[in-house]
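So the structure is just underneath, and the comments pick up after that.
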Amino acid sequence: MKQKILIIVSLVVFFACKNTFSQNSISYKIGDTVKESIQLYDTAINLVNFKIPTKGYYVLVYRYRTVSVGKGVDNADSIKILEDKISSILLGGMIGNLKVICLSYDKINNYEVWLHKIKTERPFKLNSKYKVEYLNLNGNTESESKCRQLFTKLTMISPEGRILRHSSSIAKFDYHMKDNIVNVKGKLLTNENGKKEPLINALVHIQAGNKIDTLGKGTTDKFGDFDIKIPNNDTAYTIKVDPKDKNTKNLILLTQEGKEIASLNKTFSKFSYKLLQSDILELAEIPIDDNLNFSFKKFDLSKQKELLVVENIIYGLAKYELEKDAEEKLNEIVLILKRNPKIKLEIKSYTDSQGDDQINLELSKKRAIYVADYLVKNGIEQNRITAIGKGEIDIRNRCLNGVLCSDKEHKYNRRTEFNFIK
């Protein structure tokens, strides 16, 4: 029964530095409920309150001290193991709103070293699957005491503050739902002479790595879509496809929205492709919460002149007014623009190919203007914002006028792009 409850809760995973605290110092046990506010410092040297529970997020806190390259828990090899473990957690828990907190214990002179390293050599690569923040205890004894009571090397906490799991080892940590099942949803299209068509009634098998044992199988529908349930107990999978037409030459794997994953390899009349963990995350349709603030910070420190962010802003059918979820995304953009007054923003709104071309163009213009007006009403200067409606221009998949496509494929084209310009 406990495992079923995990489906609707968020998760906090805490990683502690080796030998920082012993297992015996933990005061809380699995099942206990915690409500705490821990004072930490961010990379701008601001004192912030890290609250448990953390609203709306699974949070992964990786605790470490800055050490020489190749030593300790923050070296490249350890980070790679941790990133693989994060993929396992995302899949095992079907988690789509993960936040990673890199929590350091560096203080005094080492605190300055930590600040420099985080600004120049951030340990985690930019990843759209989860957000990353860098915080430091900086010798705060009260906060250290709270951490000593709460966390071992890994600790999982729900959004209600309930401790779900903890472990003294990153490698040994494991988190899966009770049934331990991943629902892989994909699309297969032929690609002949530049024309992409659904592969219909093809047999699709998913096998464990290079083994011949089939973990799950299915058949593609009229859109080339397949839906296969497989056990999430292997680090690698291979997808194999057997088309009815043995003369099929080129085959591509996509998400059901139409985002291309890879081209399949052909052996005789059958096709195969080794699925990476990142492919499984895409095909499992785990919601992705892009880290806009982290992306902007990286852009701000770079020599790039523009940063393009694509959002699926939700509107009512044939309407241009914003829904509540869209306002939350736009509020993030408002804060970024207020903190960076020299940045300008170009807003482009797109529709799918359904309906009349001219009507779609006018609708997209109204949507772009409505978004711009929202930003202005919330304190952003009008002269910093440009709103453009693009209508059906730049369809991202095969779904042009007259092409039979699924609702998911059409939805992939309905988007708003935000182009930040220095």
Yes or no on side-chain contact (heavy atoms from CB on, under 4.5 Å) for Tyr28 and Phe151, after CA distance, side-chain angles and deciding distance?
CA-CA 8 Å; Tyr28 292 90; Phe151 317 126; over 6 Å; no

Evaluate the side-chain proximity of [Y] to [X]: yes if any heavy-atom separation is below 4.5 Å, no if none is.
| X | Y | result |
| --- | --- | --- |
| Gln207 | Leu215 | no |
| Val204 | Leu188 | yes |
| Leu251 | Asn191 | no |
| Leu47 | Tyr41 | yes |
| Gln354 | His410 | yes |
| Leu345 | Ile333 | yes |
| Leu363 | Lys365 | no |
| Leu150 | Glu36 | yes |

Could you tell me whether the side chain of [X] and the main chain of [Y] form a donor-acceptor pair under 3.5 Å?
| X | Y | value |
| --- | --- | --- |
| Asp279 | Leu276 | yes |
| Thr351 | Ser364 | no |
| Ser349 | Gly389 | no |
| Asn331 | Glu327 | yes |
| Asp221 | Gly224 | yes |
| Thr214 | Gly216 | no |
| Asp42 | Ile45 | yes |
| Asn378 | Leu375 | no |
| Lys131 | Ile101 | no |
| Asp300 | Phe296 | no |

[Y] and [X] side chains, donor-acceptor separation under 3.5 Å:
| X | Y | value |
| --- | --- | --- |
| Glu144 | Thr141 | no |
| Lys274 | Tyr237 | no |
| Glu306 | Asn419 | yes |
| Tyr105 | Asn138 | no |
| Asn397 | Asn413 | yes |
| Asn383 | Glu381 | no |
| Asp407 | Tyr412 | no |

Taking all atoms of both residues into account, what is the closest heavy-atom pair of [X] and [Y], and its distance?
| X | Y | result |
| --- | --- | --- |
| Cys405 | Phe223 | C-CE2, 3.4 Å |
| Thr54 | Lys51 | OG1-O, 2.9 Å |
| Cys399 | Glu409 | SG-CB, 3.4 Å |
| Ile86 | Tyr130 | CG2-CE2, 3.5 Å |
| Ser104 | Trp114 | CB-NE1, 3.3 Å |
| Cys147 | Ile38 | SG-CD1, 4.3 Å |

[X] [atom1] to [Y] [atom2] distance, which is reported to the nearest 0.5 Å:
| X | Y | atom1 | atom2 | value |
| --- | --- | --- | --- | --- |
| Ile336 | Lys338 | CD1 | NZ | 13.0 Å |
| Ile52 | Lys146 | CD1 | NZ | 9.0 Å |
| Lys411 | Arg414 | NZ | CZ | 7.5 Å |
| Leu400 | Asp352 | CG | CG | 11.5 Å |
| Phe226 | Leu199 | CZ | CG | 10.5 Å |
| Asp225 | Lys222 | CG | NZ | 10.5 Å |

For Glu257 and Lys408: C-alpha separation, side-chain torsions, deciding distance, then whether salt bridge (Lys or Arg N to Asp or Glu O under 4.0 Å) applies.
CA-CA 5 Å; Glu257 290 82 5; Lys408 285 185 178 181; 5.1 Å; no

Got a salt bridge between Asp394 and Arg415, using NZ or NE/NH1/NH2 to carboxylate O under 4.0 Å?
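Looking at Arg415 together with Asp394, the answer is yes, because their closest N to O distance falls below 4.0 Å.
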
Take Asn136 and Leu103, measure what side-chain contact (heavy atoms from CB on, under 4.5 Å) needs, and give me the verdict at the end.
CA-CA 5 Å; Asn136 199 311; Leu103 178 57; 5.6 Å; no

Determine the sole option in Leu307, Leu330, Val310, Leu308 for which the side-chain contact (heavy atoms from CB on, under 4.5 Å) test with Phe418 is passed.
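Running side-chain contact (heavy atoms from CB on, under 4.5 Å) over Leu307, Leu330, Val310, Leu308 with Phe418 returns exactly one hit, Leu330.
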
Positive for side-chain contact (heavy atoms from CB on, under 4.5 Å) with Ile206, one of Thr238, Ile230, Leu283, Ile280:
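When side-chain contact (heavy atoms from CB on, under 4.5 Å) is applied between Ile206 and each of Thr238, Ile230, Leu283, Ile280, only Ile230 qualifies.
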
State whether Phe299 and Lys422 meet the cation-pi test: NZ (Lys) or CZ (Arg) under 6.0 Å from the six-membered ring centroid, and within 45° of the perpendicular axis.
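Verdict for Phe299: a cation-pi partner in Lys422.
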
Show your reasoning for whether salt bridge (Lys or Arg N to Asp or Glu O under 4.0 Å) applies to Glu282 and Lys259.
CA-CA 9 Å; Glu282 290 277 8; Lys259 179 181 179 181; 3.0 Å; yes

Checking side-chain contact (heavy atoms from CB on, under 4.5 Å) for the pair Leu264/Leu253: CA distance, chi angles, key distance, verdict?
CA-CA 7 Å; Leu264 277 67; Leu253 172 67; 3.6 Å; yes

Could you check Lys187, Arg398, Lys196 and say which one makes a salt bridge (Lys or Arg N to Asp or Glu O under 4.0 Å) with Glu260?
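Per the salt bridge (Lys or Arg N to Asp or Glu O under 4.0 Å) rule, the option paired with Glu260 is Lys196, out of Lys187, Arg398, Lys196.
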
Partners meeting side-chain contact (heavy atoms from CB on, under 4.5 Å) with Asn401 (sequence neighbours left out):
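Here the qualifying residues are Ser353, Asp357, Glu392.
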
side-chain hydrogen bond (donor to acceptor under 3.5 Å, both in side chains) between Asn140 and Glu142: does it pass, once the steps are laid out?
CA-CA 6 Å; Asn140 186 315; Glu142 181 181 353; over 6 Å; no

side-chain contact (heavy atoms from CB on, under 4.5 Å) between Leu137 and Lys107: does it pass, once the steps are laid out?
CA-CA 8 Å; Leu137 278 163; Lys107 57 185 178 181; over 6 Å; no

Run Glu332 and Lys329 through salt bridge (Lys or Arg N to Asp or Glu O under 4.0 Å) and show every step you take.
CA-CA 5 Å; Glu332 284 189 64; Lys329 293 180 181 179; over 6 Å; no

